[in-house]
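Here is the structure we will look at, set down as structure tokens.
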Number of protein chains: 6
Amino acid sequence: MPIVHVNVWDGFGKEKIKTVIQEITKVFVDLGVPEYAVEVIVHEIPKSNWGIGGVPASEKFKDIA
Amino acid sequence: MPIVHVNVWDGFGKEKIKTVIQEITKVFVDLGVPEYAVEVIVHEIPKSNWGIGGVPASEKFKDIA
Amino acid sequence: MPIVHVNVWDGFGKEKIKTVIQEITKVFVDLGVPEYAVEVIVHEIPKSNWGIGGVPASEKFKDIA
Amino acid sequence: MPIVHVNVWDGFGKEKIKTVIQEITKVFVDLGVPEYAVEVIVHEIPKSNWGIGGVPASEKFKDIA
Amino acid sequence: MPIVHVNVWDGFGKEKIKTVIQEITKVFVDLGVPEYAVEVIVHEIPKSNWGIGGVPASEKFKDIA
Amino acid sequence: MPIVHVNVWDGFGKEKIKTVIQEITKVFVDLGVPEYAVEVIVHEIPKSNWGIGGVPASEKFKDIA
């Protein structure tokens, strides 16, 4: 514990995913949780499968990676 | 709020996914939730990874997309 | 299939939850999915456990049920 | 790895939950996964929040625990 | 985007949950994500429902909150 | 009920996934749950997206499939 599931858009990038894993883990370590106990799973979701306000992000946010 | 995770089989299709996003959002808007607050994430799952009654859907439902 | 996980705030109410189950199911039936195959699970989350923009909804949206 | 999320109805019972944890772990151990690496999280869901075929299980399956 | 689901043991505490929400949001803001777009949902799980290595955490980690 | 989400690393393999579906279903059948009611969804996660102790499994466990 803890187990963290992160959902981001496809295209977020492997470097940022690596940073997210590292920094979210650090959030828990700073609260006294042992580092080895933190698991972070990142789910990459196509923008066409992610709706905000009823519209796929692929249409709503065409210009944002 | 709300956040909705939808799991469908691979092959459900982008058009249907778009409709799902639109119509599920509408369900909440009809209940008084502001449209912009609704997020819908669709996870496409290979039929071989989806078991029903102990058997992958790829075997059990060979003929259904 | 499909399996739908809905996350709402605590206090959304059993009547609205029942409507959400009914109407989300209808979204898929309208797309040709058999009614019996649709499962909808609603997770009620305390507003203090739901952060938006870094702040729990219990603080940010004090006056909204 | 693996991380397993199990959703059951409220009332499934702590003894059965303990068995589920033990036996699902064994499934992976039998496949060569180290025992310590398996995490199983059981989410207990009120039957009124679990819709099957558009109806809450609390109505559809009144007589089943 | 992103949407983050955090699973912790019951008893983690509201103060720590608030910190987790704040700090995980900050991880994404530091990567260029707008603060308002980050949602963090914390699921509190009874230790008896969280298995590690086939044993509920309520037995394995009796003395750890 | 139940609905089971299994997260494994990419490369776990279709044969093992099929076994996992079959055997997890059996765990519930042995507890009195009707076989047809058990659904198991397997999410395959790239090792680069799965952090353990702050490091992607692709780095930490280079030599393990």
Side-chain angles (χ1 to χ4, degrees), chain D, chain F:
Chain D
M1 108 90 194
I3 288 172
V4 181
H5 290 272
V6 177
N7 297 274
V8 297
W9 292 340
D10 249 5
F12 191 69
K14 289 300 172 195
E15 265 319 299
K16 283 188 180 174
I17 286 174
K18 192 174 163 178
T19 303
V20 162
I21 286 170
Q22 184 183 295
E23 295 302 315
I24 288 183
T25 302
K26 201 171 164 309
V27 169
F28 289 96
V29 170
D30 287 350
L31 287 168
V33 175
E35 190 178 65
Y36 66 81
V38 184
E39 297 209 41
V40 179
I41 298 178
V42 181
H43 303 265
E44 293 175 280
I45 310 289
K47 286 170 72 179
S48 52
N49 287 18
W50 189 308
I52 301 178
V55 182
S58 50
E59 298 181 12
K60 194 161 188 149
F61 301 103
K62 265 185 208 159
D63 308 325
I64 306 175
Chain F
M1 110 91 193
I3 287 172
V4 181
H5 291 272
V6 177
N7 297 275
V8 297
W9 292 340
D10 249 5
F12 191 68
K14 289 299 171 197
E15 264 320 297
K16 284 189 179 173
I17 286 173
K18 192 174 163 178
T19 303
V20 161
I21 286 170
Q22 183 182 297
E23 295 302 314
I24 288 183
T25 302
K26 200 170 166 308
V27 169
F28 288 97
V29 170
D30 287 351
L31 286 168
V33 175
E35 191 179 64
Y36 66 82
V38 184
E39 296 209 42
V40 179
I41 298 177
V42 181
H43 303 264
E44 293 176 278
I45 309 290
K47 286 170 73 179
S48 51
N49 287 18
W50 190 307
I52 302 177
V55 181
S58 50
E59 298 181 12
K60 194 163 187 149
F61 301 102
K62 267 184 212 163
D63 307 326
I64 306 175

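Chain letters run A, B, ... following the sequence lines, proteins first, then strands; residues in each count from 1. For clarity, every value in this text was computed on a predicted model and none was experimentally measured.
- When all heavy atoms of D/L31 and F/F12 are compared, the closest pair comes out as CD1-CZ, 4.2 Å.
- Rounded to the nearest 0.5 Å, atoms CD (D/E23) and CZ (D/F28) are 13.0 Å apart.
- Residue pairs satisfying the salt bridge (Lys or Arg N to Asp or Glu O under 4.0 Å) criterion with at least one member in residues 24-41 of chain F, sequence neighbours excluded, are listed as follows: F/K26-F/D30.
- Neither the backbone nor the side chain of D/V40 comes within contact range of chain F; no heavy atoms are under 4.5 Å apart.
- For residues 13-22 of chain D, the interface with chain F (any heavy-atom pair closer than 4.5 Å) comprises D/K16, D/T19, D/V20, sorted by residue number.
- For the pair D/P56 and D/N49, the minimum side-chain heavy-atom distance is 4.5 Å or more.
- Atom CG in D/D10 sits 11.0 Å away from atom OG in D/S58 (nearest 0.5 Å).
- The greatest number of non-hydrogen atom pairs below 4.5 Å with chain D, out of F/V42, F/V8, F/I41, is found for F/V8.
- In this structure, F/F61 and F/W9 have tilted ring planes: the angle between them lies in the 30° to 60° band.
- Note: F/K60 NZ to F/K47 NZ = 12.5 Å, rounded to the nearest 0.5 Å.
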